[in-house]
Amino acid sequence: MLEKSHFTNAIKQNIEMVKGDTLMFNFQLVGVGNQDLRNIRFTVKDHYDNDEVLFKCDLDDHISLVDYDKETDTRTYCVRVAPTKTETISIGRYYYDLELDIEDDIYTLMRGYLDITWEVTRR
């Protein structure tokens with residue numbers, strides 16, 4: 001069973017991606033069982049204090065369940081940032097977090113900087 005003590009600190013992980021390219025990464029949840037998983041969100045902002053979101057992905061838009069191991073109660077999810085989400089964003093450092101809503105609780109799984117870097121090949 002997923003407990004609050006499992007997420008006392010979010011994993012700090014900086015991510016680098018090329019502007020206008022696709023970014024994909026997987027993460028796993030163990031022990032969710034039949035709890036009500038309401039949403040998973042990957043949110044990017046200029047600064048963590050800003051209200052304006054540069055882009056986001058959630059269960060309705062580019063976060064998908066790719067595998068479920070019933071024996072270990074392990075779910076593997078994939079976050080896919082489409083090229084259109086970053087093609088108009090300036091090269092630079094941004095803030096992100098990956099957040100999970102289960103029942104009435106909210107857990108921050110990951111957080112850090114998203115560095116959008118230059119590209120050489122342009123379409």
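All residue numbers refer to positions in the sequence shown, counting from 1.
Side-chain contact between R111 and K12: present, with at least one pair of heavy atoms (C-beta onward) separated by less than 4.5 Å. Counting heavy atoms from C-beta outward, L114 and R93 have side chains that stay 4.5 Å or more apart. Under the 4.5 Å side-chain criterion, counting only non-hydrogen atoms from C-beta, T76 is not in contact with C78. Contact check for C57 versus K85: side-chain heavy atoms found under the 4.5 Å cut-off. Side-chain contact between Y68 and D73 is present, with heavy atoms from C-beta onward closer than 4.5 Å. With contacts defined as side-chain heavy-atom distances shorter than 4.5 Å, the pair Y77/L37 qualifies. You'll find the side chain of Y96 stays beyond 4.5 Å of the side chain of T43, heavy atoms only.
Within 6.0 Å of CG in N26 there are more than 12 heavy atoms belonging to other residues, nucleotides or ligands. Within 6.0 Å of atom CD in E52, 12 or fewer heavy atoms from other residues, nucleotides or ligands are found, so the atom counts as exposed in its surroundings.
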Test side chain to side chain contact (heavy atoms under 4.5 Å, CB included) on T22 and R80; report intermediate values, then the result. CA-CA 7 Å; T22 301; R80 179 181 178 271; 4.0 Å; yes
Starting from the C-alpha separation in whole Å, work towards a yes-or-no answer on side chain to side chain contact (heavy atoms under 4.5 Å, CB included) for L109 and L29. CA-CA 10 Å; L109 304 176; L29 297 176; 4.0 Å; yes
Kindly determine whether Q28 and T74 satisfy side-chain hydrogen bond (donor to acceptor under 3.5 Å, both in side chains), including the steps that lead there. CA-CA 7 Å; Q28 293 183 319; T74 302; 5.8 Å; no
Could you walk me through whether R75 and V32 satisfy the side chain to side chain contact (heavy atoms under 4.5 Å, CB included) test, starting with their C-alpha distance in whole Å, then the side-chain angles of each, then the deciding distance to 0.1 Å, before giving a yes or no? CA-CA 8 Å; R75 299 177 190 196; V32 175; 3.9 Å; yes
Starting from the C-alpha separation in whole Å, work towards a yes-or-no answer on side chain to side chain contact (heavy atoms under 4.5 Å, CB included) for V18 and W118. CA-CA 6 Å; V18 175; W118 46 269; over 6 Å; no
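To the nearest 0.5 Å, atom CG of residue D101 and atom CD of residue Q35 are 12.5 Å apart. With values rounded to the nearest 0.5 angstrom, K19 atom NZ is found 14.5 Å from D115 atom CG. Atom-to-atom distance recorded for E87:CD and E119:CD is 9.5 Å, nearest 0.5 angstrom. Between the CD atom of Q13 and the CD1 atom of I11 there is a distance of 8.0 Å, given to the nearest 0.5 Å. For the atom pair T86 OG1 and L54 CG, the distance stands at 10.5 Å (nearest 0.5 Å). Note that CG of N39 and CG of D58 are 5.0 Å apart. Values are rounded to the nearest 0.5 Å.
Nearest approach of I116 to I91, heavy atoms of both residues: O-CG2, 3.1 Å. Here the closest non-hydrogen pair linking G20 and P83 is O-CB, 3.0 Å. Closest of all the heavy-atom pairs between M17 and D21 is CE-O, 3.4 Å.
With hydrophobic clusters built from ILVMFWY side chains whose heavy atoms lie under 4.5 angstrom apart, V53 does not share a cluster with V81. By the criterion of side-chain heavy atoms lying less than 4.5 angstrom apart, applied directly or through intervening Ile, Leu, Val, Met, Phe, Trp or Tyr residues, L65 is grouped together with I102 in one hydrophobic cluster.
Ring geometry for F25 versus F42: interplanar angle over 60°, hence perpendicular rather than tilted (30 to 60°).
Taking the ring centroids of Y113 and Y95, they lie under the 6.0 Å cut-off.
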